[in-house]
Amino acid sequence: MTQTSANYLHPPEVENQQDLGYTPNILDSIRSSLEQYGDIYRVKAPGRNNYTYVINHPQYVKHVLHTNHRNYLKGMGFDRVELLLGNGLIVSDGEFWKRQRQMIQPAFHRKVITGLTELIIESNSALQKQWQSKLEQGQLINIYQEMSKVTLHIVLTALFSEDLPSLTNHNGKNPFDILTDETERNLLFAQRFRALGKLMMEVVHQRRAENRIPHDFVGMMMSAKDKISGEPMKDKHLLDEIITLIVAGHETTASSLSWIWYLLSQNPQAEAKLHQEIEQQIGGRLPQFSDLEQLKFTQCVIDEALRLYPPVWLIPRKSKEHDQLGGYHIEAGSDIFISPFFLHRDQRWWSQPEAFQPLRFQDGEKALPEKYSYIPFSAGPRRCIGDYFSMVEMKLHLALLIPLFKLKYHEQQPLELEPHINLRSKNPIMMEVISK
Ligand code: HEM
(Lines give C-alpha, C1' and ligand atoms only; values in the text may rest on other atoms or scores of the structure.)
Protein backbone atom coordinates (compact mmCIF):
# COMPACT_ATOMS: atom_id res chain seq x y z
CA MET A 1 0.00 0.00 0.00
CA THR A 2 1.48 3.37 -0.94
CA GLN A 3 0.37 6.97 -0.35
CA THR A 4 1.13 9.65 -2.95
CA SER A 5 1.69 13.35 -2.42
CA ALA A 6 -1.89 13.89 -3.54
CA ASN A 7 -2.93 11.82 -0.55
CA TYR A 8 -4.41 9.13 -2.65
CA LEU A 9 -4.20 5.60 -1.40
CA HIS A 10 -3.23 3.14 -4.11
CA PRO A 11 -3.68 -0.63 -4.03
CA PRO A 12 -0.62 -2.89 -4.24
CA GLU A 13 1.10 -2.72 -7.60
CA VAL A 14 2.35 -5.76 -9.48
CA GLU A 15 5.66 -5.06 -11.18
CA ASN A 16 7.02 -6.62 -14.34
CA GLN A 17 3.82 -8.31 -15.31
CA GLN A 18 3.11 -9.14 -18.90
CA ASP A 19 0.20 -7.29 -20.44
CA LEU A 20 -3.09 -8.35 -18.93
CA GLY A 21 -5.69 -9.46 -21.39
CA TYR A 22 -6.74 -12.61 -23.17
CA THR A 23 -3.23 -14.11 -22.98
CA PRO A 24 -2.67 -17.86 -22.55
CA ASN A 25 -1.39 -17.76 -18.95
CA ILE A 26 -3.68 -15.00 -17.72
CA LEU A 27 -5.58 -17.29 -15.32
CA ASP A 28 -2.38 -18.35 -13.53
CA SER A 29 -1.14 -14.80 -13.42
CA ILE A 30 -4.37 -13.39 -11.89
CA ARG A 31 -4.64 -16.34 -9.48
CA SER A 32 -1.16 -15.84 -8.05
CA SER A 33 -1.50 -12.05 -7.78
CA LEU A 34 -4.86 -12.35 -6.01
CA GLU A 35 -3.30 -14.83 -3.57
CA GLN A 36 -0.48 -12.44 -2.92
CA TYR A 37 -2.28 -9.08 -2.85
CA GLY A 38 -5.89 -9.79 -1.98
CA ASP A 39 -9.05 -8.25 -3.38
CA ILE A 40 -7.56 -5.43 -5.40
CA TYR A 41 -4.25 -4.80 -7.12
CA ARG A 42 -3.07 -2.83 -10.06
CA VAL A 43 -0.72 -3.42 -12.95
CA LYS A 44 0.90 -1.06 -15.41
CA ALA A 45 1.83 -3.33 -18.23
CA PRO A 46 4.70 -2.37 -20.52
CA GLY A 47 3.46 -0.40 -23.53
CA ARG A 48 0.30 0.80 -21.80
CA ASN A 49 -0.14 4.22 -20.32
CA ASN A 50 -2.89 3.42 -17.91
CA TYR A 51 -3.35 1.07 -14.97
CA THR A 52 -5.38 -2.10 -14.94
CA TYR A 53 -7.09 -2.75 -11.60
CA VAL A 54 -8.02 -6.34 -10.89
CA ILE A 55 -10.83 -6.45 -8.35
CA ASN A 56 -12.13 -9.54 -6.58
CA HIS A 57 -14.51 -8.60 -3.80
CA PRO A 58 -18.30 -8.80 -4.22
CA GLN A 59 -18.70 -5.30 -2.76
CA TYR A 60 -16.26 -3.82 -5.31
CA VAL A 61 -18.04 -5.71 -8.06
CA LYS A 62 -21.37 -4.30 -6.88
CA HIS A 63 -19.93 -0.79 -6.96
CA VAL A 64 -18.62 -1.05 -10.53
CA LEU A 65 -21.45 -3.01 -12.13
CA HIS A 66 -24.33 -1.56 -10.20
CA THR A 67 -24.02 1.35 -7.76
CA ASN A 68 -21.69 3.52 -9.85
CA HIS A 69 -22.14 1.80 -13.22
CA ARG A 70 -22.45 5.14 -15.02
CA ASN A 71 -18.75 5.72 -14.41
CA TYR A 72 -17.75 2.49 -16.16
CA LEU A 73 -17.74 1.86 -19.88
CA LYS A 74 -17.01 -1.32 -21.76
CA GLY A 75 -13.29 -1.97 -21.43
CA MET A 76 -10.30 -3.78 -22.82
CA GLY A 77 -10.88 -6.24 -25.64
CA PHE A 78 -14.11 -4.65 -26.84
CA ASP A 79 -12.28 -2.89 -29.67
CA ARG A 80 -11.57 -6.36 -31.09
CA VAL A 81 -15.10 -7.57 -30.39
CA GLU A 82 -16.38 -4.50 -32.23
CA LEU A 83 -14.85 -5.75 -35.50
CA LEU A 84 -17.23 -8.69 -35.28
CA LEU A 85 -20.29 -7.28 -33.53
CA GLY A 86 -20.20 -3.63 -34.63
CA ASN A 87 -21.92 -1.32 -32.17
CA GLY A 88 -24.51 -3.89 -31.03
CA LEU A 89 -25.70 -4.24 -27.42
CA ILE A 90 -22.58 -6.01 -26.17
CA VAL A 91 -20.26 -3.24 -27.35
CA SER A 92 -22.28 0.01 -27.24
CA ASP A 93 -22.32 2.38 -24.31
CA GLY A 94 -24.16 5.42 -22.90
CA GLU A 95 -27.38 6.83 -24.31
CA PHE A 96 -27.17 4.84 -27.55
CA TRP A 97 -26.89 1.55 -25.64
CA LYS A 98 -29.80 2.54 -23.38
CA ARG A 99 -32.10 3.29 -26.31
CA GLN A 100 -31.13 0.10 -28.14
CA ARG A 101 -31.62 -2.01 -25.02
CA GLN A 102 -35.10 -0.51 -24.48
CA MET A 103 -36.03 -1.36 -28.04
CA ILE A 104 -34.73 -4.93 -27.86
CA GLN A 105 -35.80 -5.85 -24.31
CA PRO A 106 -39.43 -6.76 -25.25
CA ALA A 107 -38.13 -9.54 -27.51
CA PHE A 108 -36.76 -11.22 -24.35
CA HIS A 109 -39.99 -10.99 -22.37
CA ARG A 110 -40.82 -14.26 -20.61
CA LYS A 111 -43.94 -14.70 -22.74
CA VAL A 112 -41.87 -14.53 -25.93
CA ILE A 113 -39.35 -17.03 -24.57
CA THR A 114 -42.19 -19.37 -23.55
CA GLY A 115 -43.25 -19.30 -27.20
CA LEU A 116 -39.82 -20.67 -28.20
CA THR A 117 -40.38 -23.96 -26.36
CA GLU A 118 -41.50 -25.83 -29.46
CA LEU A 119 -38.56 -24.64 -31.53
CA ILE A 120 -36.10 -25.66 -28.80
CA ILE A 121 -37.72 -29.10 -28.51
CA GLU A 122 -37.60 -29.62 -32.29
CA SER A 123 -33.92 -28.71 -32.51
CA ASN A 124 -33.03 -31.07 -29.66
CA SER A 125 -35.18 -33.87 -31.10
CA ALA A 126 -33.10 -33.62 -34.28
CA LEU A 127 -29.99 -33.88 -32.10
CA GLN A 128 -31.41 -36.99 -30.42
CA LYS A 129 -31.59 -38.65 -33.84
CA GLN A 130 -28.05 -37.64 -34.75
CA TRP A 131 -26.68 -38.96 -31.45
CA GLN A 132 -28.56 -42.21 -31.94
CA SER A 133 -26.76 -42.77 -35.23
CA LYS A 134 -23.37 -41.71 -33.74
CA LEU A 135 -24.00 -44.24 -31.01
CA GLU A 136 -24.72 -46.98 -33.52
CA GLN A 137 -21.56 -46.16 -35.47
CA GLY A 138 -19.49 -45.89 -32.27
CA GLN A 139 -18.32 -42.40 -33.30
CA LEU A 140 -16.89 -39.95 -30.75
CA ILE A 141 -18.38 -36.47 -30.66
CA ASN A 142 -16.72 -33.11 -30.11
CA ILE A 143 -19.11 -31.83 -27.47
CA TYR A 144 -18.53 -28.11 -28.04
CA GLN A 145 -19.18 -28.46 -31.74
CA GLU A 146 -22.37 -30.45 -31.10
CA MET A 147 -23.66 -27.90 -28.61
CA SER A 148 -22.67 -25.07 -30.86
CA LYS A 149 -24.67 -26.48 -33.77
CA VAL A 150 -27.84 -26.96 -31.77
CA THR A 151 -27.69 -23.57 -30.01
CA LEU A 152 -26.87 -21.80 -33.29
CA HIS A 153 -29.87 -23.39 -34.98
CA ILE A 154 -32.09 -22.29 -32.10
CA VAL A 155 -30.96 -18.68 -32.09
CA LEU A 156 -31.10 -18.39 -35.89
CA THR A 157 -34.65 -19.75 -35.93
CA ALA A 158 -35.65 -17.41 -33.08
CA LEU A 159 -34.30 -14.52 -35.19
CA PHE A 160 -35.45 -15.42 -38.72
CA SER A 161 -38.20 -18.08 -38.30
CA GLU A 162 -39.88 -18.65 -41.70
CA ASP A 163 -37.02 -16.95 -43.59
CA LEU A 164 -34.31 -19.19 -42.18
CA PRO A 165 -34.43 -21.86 -44.93
CA SER A 166 -33.65 -19.24 -47.60
CA LEU A 167 -30.72 -17.98 -45.53
CA THR A 168 -29.17 -21.32 -44.71
CA ASN A 169 -29.31 -22.84 -48.17
CA HIS A 170 -27.00 -21.18 -50.66
CA ASN A 171 -26.14 -23.42 -53.58
CA GLY A 172 -26.55 -26.40 -51.29
CA LYS A 173 -24.32 -24.90 -48.58
CA ASN A 174 -25.14 -23.30 -45.25
CA PRO A 175 -23.04 -20.11 -45.01
CA PHE A 176 -23.60 -20.02 -41.23
CA ASP A 177 -21.55 -23.20 -40.86
CA ILE A 178 -18.46 -21.03 -40.43
CA LEU A 179 -19.71 -20.24 -36.92
CA THR A 180 -19.50 -23.86 -35.84
CA ASP A 181 -16.74 -25.15 -38.13
CA GLU A 182 -14.22 -22.43 -37.32
CA THR A 183 -13.05 -22.01 -33.76
CA GLU A 184 -10.78 -18.98 -34.25
CA ARG A 185 -12.38 -15.62 -33.55
CA ASN A 186 -9.82 -13.48 -35.36
CA LEU A 187 -9.99 -10.65 -37.88
CA LEU A 188 -10.42 -13.01 -40.83
CA PHE A 189 -13.35 -14.69 -39.12
CA ALA A 190 -14.91 -11.30 -38.34
CA GLN A 191 -14.65 -10.28 -42.01
CA ARG A 192 -16.12 -13.54 -43.26
CA PHE A 193 -18.97 -13.53 -40.80
CA ARG A 194 -19.83 -9.87 -41.34
CA ALA A 195 -19.97 -10.57 -45.07
CA LEU A 196 -23.09 -12.63 -44.29
CA GLY A 197 -24.71 -9.36 -43.24
CA LYS A 198 -25.67 -8.77 -46.87
CA LEU A 199 -27.75 -11.97 -46.90
CA MET A 200 -29.41 -11.09 -43.61
CA MET A 201 -30.32 -7.59 -44.77
CA GLU A 202 -31.80 -9.03 -47.98
CA VAL A 203 -34.29 -10.83 -45.75
CA VAL A 204 -35.08 -7.57 -43.97
CA HIS A 205 -35.58 -5.71 -47.28
CA GLN A 206 -37.75 -8.48 -48.68
CA ARG A 207 -39.92 -8.43 -45.57
CA ARG A 208 -40.39 -4.69 -45.95
CA ALA A 209 -41.20 -5.01 -49.66
CA GLU A 210 -43.83 -7.64 -48.87
CA ASN A 211 -45.06 -5.70 -45.84
CA ARG A 212 -44.54 -8.87 -43.84
CA ILE A 213 -43.45 -8.83 -40.20
CA PRO A 214 -43.16 -12.35 -38.78
CA HIS A 215 -43.34 -12.71 -35.01
CA ASP A 216 -39.63 -13.40 -34.48
CA PHE A 217 -36.69 -11.47 -33.01
CA VAL A 218 -35.84 -9.73 -36.30
CA GLY A 219 -39.52 -8.84 -36.80
CA MET A 220 -39.70 -7.41 -33.28
CA MET A 221 -36.54 -5.37 -33.80
CA MET A 222 -37.77 -4.12 -37.19
CA SER A 223 -40.98 -2.82 -35.63
CA ALA A 224 -39.42 -1.44 -32.42
CA LYS A 225 -39.53 2.35 -32.10
CA ASP A 226 -37.21 4.57 -30.15
CA LYS A 227 -39.06 5.93 -27.09
CA ILE A 228 -37.98 9.53 -27.64
CA SER A 229 -37.70 9.98 -31.41
CA GLY A 230 -40.38 7.44 -32.34
CA GLU A 231 -38.02 6.27 -35.12
CA PRO A 232 -37.19 2.62 -35.90
CA MET A 233 -33.58 1.37 -35.82
CA LYS A 234 -31.39 2.33 -38.75
CA ASP A 235 -30.42 -0.65 -40.94
CA LYS A 236 -26.80 -0.51 -39.82
CA HIS A 237 -27.83 -0.73 -36.17
CA LEU A 238 -30.35 -3.47 -36.88
CA LEU A 239 -27.64 -5.55 -38.55
CA ASP A 240 -25.22 -5.02 -35.63
CA GLU A 241 -27.90 -6.21 -33.20
CA ILE A 242 -28.75 -9.26 -35.32
CA ILE A 243 -25.08 -10.24 -35.52
CA THR A 244 -24.68 -9.63 -31.77
CA LEU A 245 -27.62 -11.87 -30.92
CA ILE A 246 -26.35 -14.64 -33.20
CA VAL A 247 -22.89 -14.70 -31.62
CA ALA A 248 -23.79 -13.89 -27.99
CA GLY A 249 -26.90 -16.03 -28.22
CA HIS A 250 -25.23 -19.31 -29.08
CA GLU A 251 -21.55 -19.40 -28.07
CA THR A 252 -22.08 -18.87 -24.34
CA THR A 253 -24.95 -21.35 -24.10
CA ALA A 254 -22.96 -23.88 -26.16
CA SER A 255 -20.00 -23.48 -23.85
CA SER A 256 -22.16 -23.90 -20.71
CA LEU A 257 -23.83 -27.04 -22.07
CA SER A 258 -20.45 -28.52 -23.00
CA TRP A 259 -19.18 -27.98 -19.47
CA ILE A 260 -22.38 -29.47 -18.06
CA TRP A 261 -21.89 -32.66 -20.09
CA TYR A 262 -18.24 -32.82 -19.10
CA LEU A 263 -19.04 -32.32 -15.39
CA LEU A 264 -21.79 -34.95 -15.49
CA SER A 265 -19.37 -37.43 -17.06
CA GLN A 266 -17.06 -36.87 -14.08
CA ASN A 267 -19.83 -37.00 -11.46
CA PRO A 268 -21.97 -40.10 -12.02
CA GLN A 269 -24.00 -39.58 -8.82
CA ALA A 270 -25.13 -36.14 -9.92
CA GLU A 271 -25.89 -37.52 -13.37
CA ALA A 272 -28.05 -40.28 -11.86
CA LYS A 273 -29.91 -37.80 -9.67
CA LEU A 274 -30.53 -35.54 -12.65
CA HIS A 275 -31.85 -38.46 -14.68
CA GLN A 276 -34.11 -39.51 -11.82
CA GLU A 277 -35.60 -36.02 -11.46
CA ILE A 278 -36.33 -35.75 -15.19
CA GLU A 279 -37.90 -39.23 -15.25
CA GLN A 280 -40.05 -38.42 -12.24
CA GLN A 281 -41.26 -35.06 -13.49
CA ILE A 282 -41.63 -35.79 -17.17
CA GLY A 283 -41.54 -39.55 -17.68
CA GLY A 284 -41.53 -40.66 -21.29
CA ARG A 285 -43.45 -37.72 -22.77
CA LEU A 286 -42.08 -34.53 -24.33
CA PRO A 287 -41.26 -31.78 -21.82
CA GLN A 288 -43.49 -28.73 -21.67
CA PHE A 289 -42.70 -25.24 -20.59
CA SER A 290 -44.71 -25.76 -17.40
CA ASP A 291 -42.42 -28.65 -16.38
CA LEU A 292 -39.36 -26.46 -16.18
CA GLU A 293 -40.18 -24.87 -12.84
CA GLN A 294 -40.30 -28.34 -11.27
CA LEU A 295 -36.83 -29.32 -12.46
CA LYS A 296 -35.12 -28.06 -9.31
CA PHE A 297 -32.04 -30.26 -9.37
CA THR A 298 -31.58 -29.60 -13.10
CA GLN A 299 -31.48 -25.91 -12.24
CA CYS A 300 -28.87 -26.62 -9.53
CA VAL A 301 -26.70 -28.51 -12.05
CA ILE A 302 -26.81 -25.59 -14.48
CA ASP A 303 -26.07 -23.03 -11.74
CA GLU A 304 -23.15 -25.08 -10.47
CA ALA A 305 -21.67 -25.56 -13.95
CA LEU A 306 -21.94 -21.80 -14.53
CA ARG A 307 -20.15 -21.28 -11.22
CA LEU A 308 -17.20 -23.50 -12.07
CA TYR A 309 -16.96 -22.60 -15.75
CA PRO A 310 -18.54 -19.20 -16.36
CA PRO A 311 -18.36 -18.78 -20.16
CA VAL A 312 -17.74 -15.04 -19.74
CA TRP A 313 -14.85 -15.48 -17.34
CA LEU A 314 -13.76 -11.83 -17.57
CA ILE A 315 -15.87 -8.67 -17.48
CA PRO A 316 -13.65 -5.74 -18.43
CA ARG A 317 -14.61 -2.11 -17.82
CA LYS A 318 -12.96 1.32 -18.20
CA SER A 319 -13.40 4.14 -15.68
CA LYS A 320 -14.58 7.50 -17.04
CA GLU A 321 -13.81 9.63 -13.97
CA HIS A 322 -11.72 9.09 -10.86
CA ASP A 323 -13.39 6.85 -8.32
CA GLN A 324 -12.85 5.22 -4.92
CA LEU A 325 -12.95 1.48 -4.35
CA GLY A 326 -12.45 0.00 -0.89
CA GLY A 327 -10.70 3.21 0.16
CA TYR A 328 -8.35 3.09 -2.82
CA HIS A 329 -8.13 5.66 -5.58
CA ILE A 330 -9.05 4.53 -9.09
CA GLU A 331 -7.68 6.79 -11.78
CA ALA A 332 -9.85 8.01 -14.61
CA GLY A 333 -9.24 6.04 -17.81
CA SER A 334 -8.15 2.87 -15.97
CA ASP A 335 -9.03 -0.63 -17.02
CA ILE A 336 -10.93 -2.68 -14.47
CA PHE A 337 -11.00 -6.46 -14.54
CA ILE A 338 -13.79 -8.37 -12.84
CA SER A 339 -13.49 -12.11 -13.14
CA PRO A 340 -16.53 -14.32 -12.46
CA PHE A 341 -14.13 -17.27 -12.65
CA PHE A 342 -12.19 -16.18 -9.55
CA LEU A 343 -15.20 -14.81 -7.66
CA HIS A 344 -16.94 -18.15 -8.18
CA ARG A 345 -14.00 -20.12 -6.78
CA ASP A 346 -13.24 -17.97 -3.74
CA GLN A 347 -13.31 -20.05 -0.56
CA ARG A 348 -14.61 -17.12 1.48
CA TRP A 349 -17.97 -17.43 -0.30
CA TRP A 350 -17.90 -21.07 -1.40
CA SER A 351 -17.06 -24.15 0.63
CA GLN A 352 -14.90 -26.63 -1.32
CA PRO A 353 -14.92 -24.21 -4.23
CA GLU A 354 -13.26 -26.56 -6.72
CA ALA A 355 -15.83 -29.34 -6.17
CA PHE A 356 -18.93 -29.89 -8.30
CA GLN A 357 -21.73 -29.76 -5.73
CA PRO A 358 -25.01 -28.77 -7.40
CA LEU A 359 -26.94 -28.92 -4.12
CA ARG A 360 -25.18 -25.82 -2.85
CA PHE A 361 -27.75 -24.02 -5.03
CA GLN A 362 -30.78 -25.87 -3.66
CA ASP A 363 -32.16 -22.76 -1.97
CA GLY A 364 -31.68 -20.76 -5.14
CA GLU A 365 -29.30 -18.04 -6.21
CA LYS A 366 -31.08 -15.53 -4.01
CA ALA A 367 -30.08 -17.43 -0.87
CA LEU A 368 -26.36 -16.83 -1.49
CA PRO A 369 -24.65 -15.00 1.38
CA GLU A 370 -22.91 -12.57 -1.00
CA LYS A 371 -25.04 -11.73 -4.02
CA TYR A 372 -22.19 -10.40 -6.14
CA SER A 373 -20.03 -13.47 -5.56
CA TYR A 374 -22.01 -15.20 -8.31
CA ILE A 375 -22.27 -13.30 -11.57
CA PRO A 376 -22.27 -15.68 -14.58
CA PHE A 377 -24.65 -13.28 -16.36
CA SER A 378 -22.98 -10.14 -14.94
CA ALA A 379 -25.10 -7.76 -12.86
CA GLY A 380 -26.68 -4.31 -12.91
CA PRO A 381 -28.09 -2.65 -16.02
CA ARG A 382 -25.67 -4.49 -18.34
CA ARG A 383 -26.76 -7.90 -17.09
CA CYS A 384 -27.17 -10.41 -19.90
CA ILE A 385 -30.40 -9.85 -21.82
CA GLY A 386 -30.56 -13.56 -22.76
CA ASP A 387 -30.25 -15.08 -19.24
CA TYR A 388 -33.79 -16.45 -19.15
CA PHE A 389 -33.66 -17.58 -22.78
CA SER A 390 -30.50 -19.59 -22.12
CA MET A 391 -31.90 -21.13 -18.91
CA VAL A 392 -35.01 -22.36 -20.72
CA GLU A 393 -32.85 -23.62 -23.57
CA MET A 394 -30.44 -25.51 -21.29
CA LYS A 395 -33.20 -27.08 -19.17
CA LEU A 396 -35.12 -28.30 -22.20
CA HIS A 397 -31.92 -29.68 -23.71
CA LEU A 398 -31.17 -31.71 -20.58
CA ALA A 399 -34.79 -32.82 -20.19
CA LEU A 400 -34.69 -34.24 -23.73
CA LEU A 401 -31.21 -35.76 -23.88
CA ILE A 402 -30.50 -37.02 -20.35
CA PRO A 403 -33.21 -39.75 -20.38
CA LEU A 404 -31.68 -41.26 -23.53
CA PHE A 405 -27.94 -40.79 -23.37
CA LYS A 406 -24.92 -40.72 -21.15
CA LEU A 407 -21.66 -39.23 -22.40
CA LYS A 408 -18.30 -40.74 -21.53
CA TYR A 409 -15.28 -38.47 -21.62
CA HIS A 410 -12.36 -39.74 -23.71
CA GLU A 411 -9.33 -37.89 -22.51
CA GLN A 412 -6.97 -37.48 -25.44
CA GLN A 413 -4.97 -34.61 -23.97
CA PRO A 414 -5.18 -33.21 -20.42
CA LEU A 415 -7.97 -30.71 -20.00
CA GLU A 416 -6.63 -27.18 -20.19
CA LEU A 417 -8.66 -23.99 -20.04
CA GLU A 418 -8.48 -21.49 -22.86
CA PRO A 419 -9.47 -18.09 -21.52
CA HIS A 420 -10.54 -16.23 -24.64
CA ILE A 421 -13.67 -14.07 -24.63
CA ASN A 422 -15.46 -17.36 -24.00
CA LEU A 423 -14.01 -19.88 -21.51
CA ARG A 424 -13.44 -23.10 -23.41
CA SER A 425 -11.21 -26.11 -23.32
CA LYS A 426 -7.99 -25.67 -25.30
CA ASN A 427 -8.35 -29.09 -26.89
CA PRO A 428 -11.63 -30.58 -28.10
CA ILE A 429 -13.57 -32.45 -25.41
CA MET A 430 -14.31 -35.75 -27.11
CA MET A 431 -17.16 -37.84 -25.75
CA GLU A 432 -18.60 -41.26 -26.48
CA VAL A 433 -22.38 -41.47 -26.71
CA ILE A 434 -23.75 -44.28 -24.57
CA SER A 435 -27.33 -45.46 -24.60
CA LYS A 436 -29.30 -45.65 -21.33
C1 HEM B 1 -25.28 -19.42 -20.49
C2 HEM B 1 -25.49 -18.51 -21.38
C3 HEM B 1 -25.05 -17.07 -21.28
C4 HEM B 1 -24.12 -16.50 -20.46
C5 HEM B 1 -23.27 -17.15 -19.37
C6 HEM B 1 -24.10 -15.07 -20.78
C7 HEM B 1 -23.30 -14.15 -20.12
C8 HEM B 1 -23.33 -12.78 -20.38
C9 HEM B 1 -22.56 -11.80 -19.66
C10 HEM B 1 -21.61 -12.07 -18.51
C11 HEM B 1 -22.85 -10.58 -20.20
C12 HEM B 1 -22.28 -9.23 -19.76
C13 HEM B 1 -21.02 -8.92 -20.54
C14 HEM B 1 -20.48 -7.55 -20.16
O15 HEM B 1 -21.21 -6.69 -19.71
O16 HEM B 1 -19.28 -7.31 -20.38
C17 HEM B 1 -23.80 -10.80 -21.26
C18 HEM B 1 -24.35 -9.81 -22.04
C19 HEM B 1 -25.17 -10.05 -23.11
N20 HEM B 1 -25.70 -11.26 -23.51
FE21 HEM B 1 -25.44 -13.03 -22.60
N22 HEM B 1 -24.98 -14.85 -21.80
C23 HEM B 1 -25.60 -16.03 -22.12
C24 HEM B 1 -26.58 -16.22 -23.07
C25 HEM B 1 -27.08 -15.24 -23.91
C26 HEM B 1 -28.11 -15.44 -24.90
C27 HEM B 1 -28.86 -16.76 -25.14
C28 HEM B 1 -28.28 -14.24 -25.54
C29 HEM B 1 -29.20 -13.86 -26.66
C30 HEM B 1 -30.01 -14.65 -27.32
C31 HEM B 1 -27.35 -13.29 -24.94
C32 HEM B 1 -27.19 -11.99 -25.34
C33 HEM B 1 -26.47 -11.05 -24.63
C34 HEM B 1 -26.43 -9.63 -24.98
C35 HEM B 1 -27.14 -8.98 -26.17
C36 HEM B 1 -25.64 -9.01 -24.01
C37 HEM B 1 -25.33 -7.52 -23.90
C38 HEM B 1 -26.40 -6.91 -22.98
C39 HEM B 1 -26.21 -5.43 -22.71
O40 HEM B 1 -25.10 -4.99 -22.46
O41 HEM B 1 -27.24 -4.74 -22.73
N42 HEM B 1 -26.64 -13.94 -23.95
N43 HEM B 1 -24.08 -12.14 -21.36
Side-chain angles (χ1 to χ4, degrees), residues 61 64-66 69 72-78 81-82 84-94 96-105 107-109 112-113 116 119-120 147-148 150-160 216-218 220-221 240-260 299 301-318 335-341 343-344 372 374-398 421-424:
V61 172
V64 171
L65 294 181
H66 197 124
H69 71 90
Y72 293 93
L73 303 172
K74 288 291 177 131
M76 196 192 285
F78 280 92
V81 176
E82 195 173 356
L84 179 63
L85 305 183
N87 205 24
L89 273 193
I90 295 260
V91 173
S92 58
D93 264 314
F96 178 75
W97 163 79
K98 203 167 153 192
R99 293 202 323 260
Q100 292 294 108
R101 174 108 185 190
Q102 276 167 353
M103 282 198 270
I104 297 171
Q105 191 74 53
F108 287 86
H109 192 280
V112 179
I113 305 300
L116 297 177
L119 143 70
I120 300 173
M147 296 301 97
S148 197
V150 72
T151 54
L152 177 63
H153 184 257
I154 290 168
V155 80
L156 284 177
T157 318
L159 279 156
F160 291 102
D216 53 27
F217 281 11
V218 171
M220 283 184 258
M221 290 196 286
D240 285 348
E241 301 301 359
I242 294 173
I243 288 182
T244 295
L245 292 183
I246 294 175
V247 176
H250 92 279
E251 291 197 341
T252 40
T253 313
S255 169
S256 312
L257 284 173
S258 311
W259 288 119
I260 291 173
Q299 179 71 56
V301 166
I302 297 171
D303 290 344
E304 180 68 342
L306 286 172
R307 182 185 71 81
L308 282 170
Y309 298 104
V312 182
W313 72 275
L314 180 66
I315 301 179
R317 290 292 184 268
K318 196 166 215 118
D335 284 298
I336 312 288
F337 276 12
I338 297 171
S339 172
F341 183 85
L343 280 162
H344 293 182
Y372 290 82
Y374 185 66
I375 52 163
F377 294 103
S378 186
R382 303 296 304 247
R383 185 181 161 99
C384 175
I385 203 171
D387 54 356
Y388 187 64
F389 181 160
S390 68
M391 275 298 167
V392 169
E393 194 178 349
M394 290 189 279
K395 274 192 180 175
L396 284 169
H397 171 87
L398 294 172
I421 303 268
N422 200 344
L423 184 69
R424 291 194 208 156

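As the structure lists them, so they are numbered: ligands from 1, and atoms in each ligand from 1.
Of all protein heavy atoms, the one lying nearest to atom 1 (C) of ligand 1 is Ser256 OG, 3.2 Å. Scanning the protein heavy atoms around atom 14 (C) of ligand 1, the nearest turns out to be Lys74 NZ, 3.1 Å. Annotation: atom 24 (C) of ligand 1 to nearest protein heavy atom, Thr252 OG1, 3.3 Å. Shortest contact from atom 36 (C) of ligand 1 to any protein heavy atom: Ile90 CD1, 3.5 Å. Counting only heavy atoms of the protein, atom 29 (C) of ligand 1 lies nearest to Gly249 CA, 3.5 Å. Looking only at protein heavy atoms, the nearest one to atom 35 (C) of ligand 1 is Ile385 CG2, 3.6 Å.
Taking only nitrogen or oxygen atoms, main chain and side chain alike, Ser378 does not reach within less than 3.5 Å of ligand 1. The shortest N/O to N/O separation between Arg101 and ligand 1 falls below 3.5 Å.
Within the 4.0 Å heavy-atom shell around ligand 1 one finds Trp97. Using a 4.0 Å heavy-atom cutoff, Glu241 is absent from the residues neighbouring ligand 1.
The aromatic rings of Phe389 and Phe108 sit tilted relative to each other, their planes meeting at an angle between 30° and 60°.
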Verdict with reasoning, Phe217 to Val155, per side chain to side chain contact (heavy atoms under 4.5 Å, CB included):
CA-CA 9 Å; Phe217 281 11; Val155 80; 5.6 Å; no
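With Tyr72 contributing its side chain and Ile336 its backbone, the two residues share no donor-acceptor pair below 3.5 Å. Counting only distance, with no hydrogens or angles, the side chain of His250 and the backbone of Ile246 share a donor-acceptor pair below 3.5 Å. Side-chain atoms of Arg383 never come within 3.5 Å of backbone atoms of Phe377 as a donor-acceptor pair (strictly under, hydrogens ignored). Remark: side-chain polar atoms of Lys74 are paired, donor with acceptor, to backbone N or O of Ile90 under 3.5 angstrom.
By the criterion of a heavy-atom distance under 4.0 Å, both the backbone and the side chain of Phe377 are placed next to ligand 1.
Taking each of Pro340, Ala248, Ala254 in turn, the one with a heavy atom nearest to atom 25 (C) of ligand 1 proves to be Ala248. Comparing Met394, Arg317, Arg382 by heavy-atom distance to atom 15 (O) of ligand 1, the nearest is Arg317. Comparing Pro310, Cys384, Pro376 against atom 10 (C) of ligand 1, the shortest heavy-atom distance belongs to Pro376.
Between Thr157 and His153, some side-chain heavy-atom pair lies under the 4.5 Å cut-off. At least one side-chain heavy atom of Val112 sits less than 4.5 Å from a side-chain heavy atom of Met220.
Distances below 4.0 Å separate heavy atoms of Val312 from the following atoms of ligand 1: 7 (C), 8 (C), 9 (C), 10 (C). Residue Ile315 has at least one heavy-atom neighbour below 4.0 Å for each of these atoms of ligand 1: 16 (O). Within ligand 1, the atoms closer than 4.0 Å to a non-hydrogen atom of Phe389 are 30 (C), numbered from 1 in the order shown.
Taking CD of Glu393 as the start and CD1 of Ile302 as the end, the distance is 10.5 Å to the nearest 0.5 Å. For the atom pair OG1 (Thr244) and CG (Leu85), the distance works out to 4.5 Å, reported to the nearest 0.5 Å.
Classification of Asp93 and Arg382 as a salt-bridged pair holds, one side-chain N sitting under 4.0 Å from a carboxylate O.
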